Amino acid sequence: MPLERFTDQVVIVTGAASGIGRATAARFAAEGAKVLASDITAGALEISVKEANDGAAPGGEVFGFVADISNEVQAAATIDAAIERWGRLDALANIAGMLRTVRTHECDLETWNKIIGVNLTGTFLMCRAALPHLMESKGSIVNTASTSSFFGHPWMAAYASSKGAIAAFTHSLAVEYCLDGVRVNAVAPGSVTSGITNDVQFPADITREEGKLVRRIMSPTGFGAPEEIASVVAMLASADGRHITGEIIRIDGGTHA
Ligand SMILES: NC(=O)c1ccc[n+]([C@@H]2O[C@H](COP(=O)([O-])OP(=O)(O)OC[C@H]3O[C@@H](n4cnc5c(N)ncnc54)[C@H](O)[C@@H]3O)[C@@H](O)[C@H]2O)c1
């Protein structure tokens, strides 16, 4: 029998147009949640919303909302849209993120600021707007870190810095809001089949020796599926995770075991 841990609960999922965010929105809906599925990419988001609504459990419902998480006004509007529609917020899954690979000595400031702005500041803006509502509902946040938060990955210094900061941000929030009944955790995926990994391009001039460094990222058991991250996000956000806060769960098929 499928789990239905989110009946009558309201969840926001960012990055819902693709990959892990799409699978997470579908997972919450399949467990009966009312889901505000948000992304900056409108067309692909429509497909996610349709798929998640098709698989929703009774009471589950998915509503699409187009927004850029790195924009202060749009991030706040995303939270407001869920409150206006359903009157409460029980969980925020910050999945949206972006990756650019570049040699660090060739990384321009615009690229650095963009990656930090989306992955770190965007997560902060969403959390800031959500926290007053989560304190009311005794809800939870699940952020998205990465194995690059903890292990050196080549050509990804900006991305890894943003994800390392997500780990620190998650720990800080967990402590700051534990007495308010709000739990804050994160997942740290390794390599997962998604838009980010499909589009990744390493520097064109990497040498054969440098190419071996890519093994630091690749799981010996192959790429994970977005659903394998979504299931952990759902567990952390659910009552099954009620004694877990400030935790970052590495999901990498054993790469860093
Ligand atoms: N795929 C992996 O191997 C992997 C590994 C570790 C961490 N992650 C993290 O998982 C999360 C999901 O990524 P994915 O792998 O599903 O990639 P993806 O590219 O398939 O999905 C990312 C989604 O985020 C959206 N997005 C990007 N910038 C945005 C913005 N400013 N505002 C709103 N939405 C925005 C994109 O439109 C896209 O739909 C990211 O935070 C990523 O860093 C992925």
Side-chain angles (χ1 to χ4, degrees), residues 12-27 36-49 51-52 64-79 81 92-101 111 113-126 129 142-151 153 156 158-167 169-170 186-201 214 216-219 221-230 232-233 248-253 255-256:
I12 294 176
V13 179
T14 71
S18 177
I20 297 167
R22 174 177 281 180
T24 303
R27 175 70 190 234
L36 189 105
S38 174
D39 203 285
I40 198 169
T41 311
L45 180 61
E46 269 178 43
I47 297 168
S48 299
V49 169
E51 281 179 9
F65 191 83
V66 177
D68 176 353
I69 57 162
S70 67
N71 178 297
E72 188 172 21
V73 174
Q74 293 181 32
T78 308
I79 307 296
L92 168 65
N94 284 308
I95 313 289
M98 60 171 292
L99 169 69
R100 295 275 181 281
T101 42
T111 301
N113 284 339
K114 176 83 182 157
I115 292 170
I116 300 291
V118 172
N119 294 357
L120 176 59
T121 310
T123 299
F124 155 68
L125 291 172
M126 291 299 297
V142 183
N143 292 325
T144 307
S146 156
T147 49
S148 69
S149 301
F150 309 109
F151 305 95
H153 288 183
M156 295 184 196
Y159 178 81
S161 299
S162 73
K163 293 300 186 178
I166 288 293
F169 180 67
T170 299
V187 289
S191 290
V192 176
T193 308
S194 72
I196 275 182
T197 44
N198 288 343
D199 297 343
V200 72
Q201 284 185 342
V214 176
R216 296 177 65 84
I217 309 167
M218 311 308 264
S219 162
T221 54
F223 277 71
E227 292 73 17
E228 290 163 343
I229 311 301
V232 181
V233 174
I248 300 176
I249 299 186
R250 182 170 53 79
I251 313 164
D252 69 356
T255 312
H256 297 287

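Values reported hereafter were calculated over all heavy atoms of this structure, with side chains retained and with hydrogens, waters and symmetry mates removed. Atoms within a ligand are numbered from 1 in the order they appear, just like the ligands themselves. Start at 1 with the first residue, then count along the sequence. The shown structure was predicted, so the numbers you read here are calculated from the model rather than taken from an experiment.
Between Ser191 and Ile217, the closest side-chain pair of non-hydrogen atoms falls below 4.5 Å.
Summarising the geometry, atom CZ belonging to Phe65 is positioned 8.0 Å from atom CD belonging to Gln74; distances are rounded to the nearest 0.5 Å. Atom CG of Leu92 and atom CD1 of Ile12 lie 6.0 Å apart (nearest 0.5 Å). For the atom pair Ile20 CD1 and Ile196 CD1, the distance stands at 7.5 Å (nearest 0.5 Å). Going from atom CE of Met98 over to atom OG of Ser162 covers 9.0 Å, rounded to the nearest 0.5 Å. The OG atom of Ser148 sits 10.5 Å away from atom CD1 of Ile166, with the distance rounded to the nearest 0.5 Å. Within the model, atoms CE of Met156 and CD1 of Ile115 stand 10.0 Å from one another, a figure rounded to the nearest 0.5 Å.
The nearest non-hydrogen atom to atom 3 (O) of ligand 1, considering only Ile115, Ile229, Val192, comes from Val192. Nearest to atom 13 (O) of ligand 1 by heavy-atom distance, out of Ile196, Leu45, Ile251, is Ile196. Counting heavy atoms only, Asp39 comes closest to atom 39 (O) of ligand 1 of the residues Val66, Asp39, Thr193.
Other residues, nucleotides and ligands place no more than 12 heavy atoms under 6.0 Å from the CD atom of Glu46.
Here the protein heavy atom with the shortest distance to atom 44 (C) of ligand 1 is Ile20 CD1, 3.9 Å. Protein heavy atom in closest approach to atom 43 (O) of ligand 1: Tyr159 OH, 2.6 Å. Among protein heavy atoms, the minimum distance from atom 20 (O) of ligand 1 is reached at Ser18 OG, 2.5 Å. Among all protein heavy atoms, the one lying closest to atom 29 (C) of ligand 1 is Ile40 CG2, 3.8 Å. From the protein, the heavy atom lying nearest to atom 9 (C) of ligand 1 is Thr144 CG2, 3.5 Å. With hydrogens left out, the protein atom closest to atom 28 (N) of ligand 1 is Val118 CG1, 3.7 Å, a heavy atom. When only non-hydrogen protein atoms are considered, atom 6 (C) of ligand 1 lies nearest to Pro189 O, 3.2 Å.
When all heavy atoms are compared, the tightest approach of Ser149 to Lys163 is OG-O, 2.8 Å. Residues Ser194 and Gly19 share a closest heavy-atom pair of CB-CA, 4.0 Å. Counting all heavy atoms, side chain and backbone alike, Ala26 lies closest to Ala52 at CA-CB, 3.8 Å. Contact record, Arg216 with Thr255: O-CG2, 3.6 Å, taken as the closest heavy-atom pair. Nearest heavy-atom pair, Ala129 versus Ile79, reported as atom, atom and distance to 0.1 Å: CB-CG1, 3.5 Å. Closest approach of Ser18 and Gly195 over heavy atoms only: OG-N, 3.9 Å.
Looking at ligand 1, you'll find an N or O of Gly190 within less than 3.5 Å of one of its N or O atoms. Between Asp68 and ligand 1, at least one pair of N/O atoms sits closer than 3.5 Å. In terms of polar-atom proximity, defined here as any N/O pair under 3.5 Å, Ser194 does make such a contact with ligand 1. Backbone and side-chain nitrogen or oxygen atoms of Gly21 are examined, and none is located within less than 3.5 angstrom of a nitrogen or oxygen of ligand 1. Polar contact with ligand 1: absent for Ser70 (N/O pair, distance under 3.5 Å). Inclusion of Ile69 in the set of residues having an N or O under 3.5 Å from an N or O of ligand 1 is warranted. For the pair Thr41 and ligand 1, the shortest N or O to N or O distance falls below 3.5 Å.
Not a single heavy atom of Phe223 sits less than 4.0 Å from an atom of ligand 1. Distances from ligand 1 to the non-hydrogen atoms of Leu99 include no value under 4.0 Å. For Lys163, the closest heavy-atom approach to ligand 1 falls below 4.0 Å. Ligand 1 has Ser191 within reach: a non-hydrogen atom of the residue lies less than 4.0 Å from it. Heavy atoms of Ala145 come nearer than 4.0 angstrom to ligand 1 in at least one pair.
Within the listing of ligand 1, atoms 32 (N), 33 (C) sit less than 4.0 angstrom from a heavy atom of Ala67. Below 4.0 Å from some heavy atom of Ile95 lie the following atoms of ligand 1, by number and element: 11 (C), 12 (C), 40 (C), 41 (O). Close approach to Gly19 involves these atoms of ligand 1, each under 4.0 Å from a residue heavy atom: 16 (O), 20 (O). Every atom of ligand 1 with a heavy atom of Thr197 under 4.0 Å away is listed here by number and element: 1 (N), 2 (C), 3 (O). Residue-ligand proximity, Ser146 to ligand 1, at heavy-atom distances under 4.0 Å covers atoms 6 (C), 7 (C). Within ligand 1, counting atoms from 1 as listed, the ones closer than 4.0 Å to a heavy atom of Gly97 are 22 (C), 24 (O), 27 (C), 40 (C), 41 (O).
Put simply, the side chain of Thr14 gets close to the backbone of Ile95: a donor and an acceptor are under 3.5 Å apart.
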Given Asp252 and Thr147, is the side-chain hydrogen bond (donor to acceptor under 3.5 Å, both in side chains) satisfied, shown in steps?
CA-CA 8 Å; Asp252 69 356; Thr147 49; 5.5 Å; no
